Every structure is written in C-alpha cells, then in structure tokens.
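Note sheet for the following structure.
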Amino acid sequence: MKLKNIVELLNAKVYCGEDQFDMELVSACASDMMSDVLAFVKDQALLISGLCNPQVVRTADMMDIKCIVLVRGKVPTSDMMAIAKQKGIAIISSDYRMYSACGVLYKNGLIAGDQETV
Amino acid sequence: MSEALHLEFEVAGNNFVSAGGASDEVKKTLKMLGVSTASIRKVAIAMYEGEINMVIHAGGGRAIVDIYRDRIVIVLQDNGPGIPDIDLALTEGYSTATDSIRDLGFGAGMGLPNMKKYTDEFKIESEVGKGTTVTMVVNFV
Ligand SMILES: Nc1ncnc2c1ncn2[C@@H]1O[C@H](COP(=O)(O)OP(=O)(O)OP(=O)(O)O)[C@@H](O)[C@H]1O
Ligand SMILES: [Mg+2]
C-alpha cells in the first residue's frame, strides 16, 4: 500500500513527507507504549500512535519505521517535525480513533508487523 | 579497524526532546561503518531503552561506547537512585513509572527485558542511593 492510499483511507492531514507519497508500506504496528513498539524486531513500516511527542519519532527511527500515523487529530510539535524531516519519516494525522484507524488499514490489506500472515 | 572507536555522551535527565540523541549518534556511526542492519537494530533498541531509563529514572547519566570490528560495548552509568531489586526490575511489565511518565509513552516495564533480549551480554550493577551501571555487548553478525 502506498503512503498516498493510507492518507486517503484515513482522510489524513500530511504534516511531513509529501515527497514520499509513493513510498510502499506493507505492515504496521499500533501502540501508545514505546517499549511495546521496540519489543518486536520485525520490519514494521508504519507506526500508529495516539502519543504525540518527540519520542514517538525517535522510537520510529530506531526501528527504521518510515511513517507515523497520529490518531485523534493530534498535531505534531515542531520538535517532532524537526526530527522527522531530518530522518525522512512521514507524519500524518487522522481524526479516526486508534481502533478505527487500525481497522480501516487492516481491512484494506495492511498486515500486522508482528506476524507473518493472518 | 583493530582498535576501538570510542564515543562518550552526556545524557540529560528529564529532557524528553534530547532523549535518544546518544542512541541516534551511535546508530548513525554504525551505519557509516557498514555494520549489518540486523545488528544495528539490536544496538538501537537496547541503547535507546537504556538511555531513556537514565532520562526517566535516574536524572540523566553518561553513555560510554566502544565499537570494535566485531562487536560494540555500551556502558550506561548514572548517579540516580539505584535499583533495589534487580530481578524484579527485569520482570516484564514491572515499572515504577508515574502516570505522567506513562502519558509520555514509557512505563510498560519492557525496557530492561528488551535490553536483555537484544544483547549478547547484559549486566546490571546497582547500589541504592548511589546509581546504576548497565553494560551491554552486541556481537555483529
Ligand atoms: N537507570 C535506572 N535507575 C533507577 N531505576 C531504574 C533504572 N532503570 C530501570 N529502573 C527501574 O526498573 C524498572 C523497570 O525498568 P524498565 O526499563 O524495564 O521499565 P520502565 O522504564 O518502567 O518502562 P518502559 O521501559 O517499558 O518504558 C523501572 O520502572 C525503574 O523502577
Ligand atoms: Mg525503561
């Protein structure tokens, strides 16, 4: 799934990464606890989180995650934007709540990053 | 490269903007040195968790990193409150983090277990009232 499809599906606002719309994303994980994200070494291209602070971007970068979806319409801070731009990480924000955002993406074929197949 | 590349970082306490900066530098250095992605990932996770622990639980500390051809040795030193029961602290889900720390996305009690899981050697020395030293080794593959 391309980033632009995800933006459409989630009706998301793009804060960072307009130039990465053709980036291909195959799996995702969702959490508000950063250690949970760090616990699974499988390649997870996308991180969905209700948390909105610089450590979300740092955590994503440590895991080579290339896109962050903020839920509940959270607006990234300037600190977050600065790190994301430097690291080439896209940040988009959706009004959906966590459960719905995950549901929409899952239904449309984005698999979980911590399992091979479903 | 037979001798070590030596790096040292001051890690500021309770600063959630700079937190992770040392791990970021180490990750960049390993990438530059051509270390495998798998090894870099392990180092990044373990060091970042340890760095965050110093920021949250110990009021900051110091990271001393030696990179050899075939491995990395990371020493995280702080003068924080120390860990009274190390076995308990290593239990998945155990955390003393406050609600305000949880709101920042930390306090799942998974940091130390993650550090242990992703390193080849892992040692904690801690004295209550004095501080904590965590030593981790990752062998490059
Ligand atoms: N450097 C340290 N100094 C003092 N106490 C520490 C230190 N590192 C860890 N601890 C103690 O050990 C507990 C467990 O640490 P661990 O990293 O596993 O979980 P956490 O930091 O609470 O949450 P998480 O890492 O999942 O965000 C902490 O809650 C804290 O009480
Ligand atoms: Mg921790």
Side-chain angles (χ1 to χ4, degrees), chain A residues 16 26-66 68-72 74-89 91 93 97-98 101 113-114, chain B residues 11-12 14-28 30-31 36-53 55-57 90-95 97 99-119 138 141:
Chain A
C16 201
V26 292
S27 68
C29 65
S31 183
D32 288 350
M33 285 308 218
M34 293 304 104
S35 287
D36 278 346
V37 179
L38 294 160
F40 301 100
V41 196
K42 287 270 169 59
D43 273 316
Q44 299 160 126
L46 186 112
L47 169 61
I48 305 155
S49 187
L51 195 69
C52 188
N53 67 33
Q55 296 312 313
V56 182
V57 191
R58 286 268 184 234
T59 300
D61 184 49
M62 290 301 147
M63 301 302 276
D64 301 310
I65 289 171
K66 285 295 168 206
I68 297 168
V69 177
L70 302 174
V71 292
R72 280 177 276 128
K74 296 265 167 75
V75 179
T77 63
S78 55
D79 292 324
M80 291 171 70
M81 299 278 285
I83 305 173
K85 284 207 174 104
Q86 191 197 340
K87 299 293 176 186
I89 296 171
I91 303 182
S93 177
R97 299 180 64 177
M98 177 82 106
D114 56 355
Chain B
V11 176
N14 306 307
N15 182 331
F16 292 95
V17 176
S18 66
S23 305
D24 181 37
E25 284 301 321
V26 169
K27 186 172 185 255
K28 277 195 286 201
L30 294 180
K31 206 168 174 185
S36 72
T37 313
S39 295
I40 294 178
R41 182 78 57 83
K42 288 163 76 180
V43 171
I45 295 170
M47 183 162 170
Y48 180 63
E49 290 280 18
E51 188 179 350
I52 293 288
N53 276 354
V55 174
I56 292 176
H57 304 295
L90 277 166
T91 311
E92 284 191 13
Y94 176 81
S95 175
D99 283 348
S100 62
I101 294 295
R102 276 172 209 279
D103 288 344
L104 294 168
F106 298 98
M110 289 300 295
L112 291 174
N114 279 351
M115 289 155 75
K116 192 171 177 188
K117 181 167 151 199
Y118 291 118
T119 52
V138 172
V141 294

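Everything quoted here is computed from the prediction, not taken from an experiment. Letters go in sequence order (proteins before strands), and every chain restarts at 1.
Only the side chain of Lys28(B) comes within contact range of chain A, with heavy atoms under 4.5 Å apart. Both the backbone and the side chain of Asp24(B) come within contact range of chain A, with heavy atoms under 4.5 Å apart. Only the side chain of Ile52(B) comes within less than 4.5 Å of a heavy atom in chain A; its backbone stays farther off. For Thr59(A), the parts lying under 4.5 angstrom from a heavy atom of chain B are both the backbone and the side chain.
Atom CG of Leu38(A) and atom OH of Tyr48(B) lie 6.5 Å apart (nearest 0.5 Å). Remark: Met62(A) CE to Glu51(B) CD distance equals 7.0 Å, nearest 0.5 Å. Rounding to the nearest 0.5 angstrom, the gap separating the CE atom in Met33(A) from the OG atom in Ser95(B) is 7.5 Å.
Partners of Asp64(A) under the salt bridge (Lys or Arg N to Asp or Glu O under 4.0 Å) rule, at least two apart in sequence or in another chain, are Lys27(B), Arg41(B).
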Using atom types as modelled, flag every donor-acceptor pair under 3.5 Å from a side chain in residues 99-110 of chain B to any protein atom, sequence neighbours excluded.
{"residue": "Ser100(B)", "atom": "OG", "partner": "Thr98(B)", "partner atom": "OG1", "Å": "3.2"}
{"residue": "Arg102(B)", "atom": "NH1", "partner": "Gly107(B)", "partner atom": "O", "Å": "2.7"}

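Within 6.0 Å of NZ in Lys116(B) there are 12 or fewer heavy atoms belonging to other residues, nucleotides or ligands.
The closest donor-acceptor contact from the side chain of Asn53(A) to the backbone of Phe16(B) lies at 3.5 Å or more, if one exists at all.
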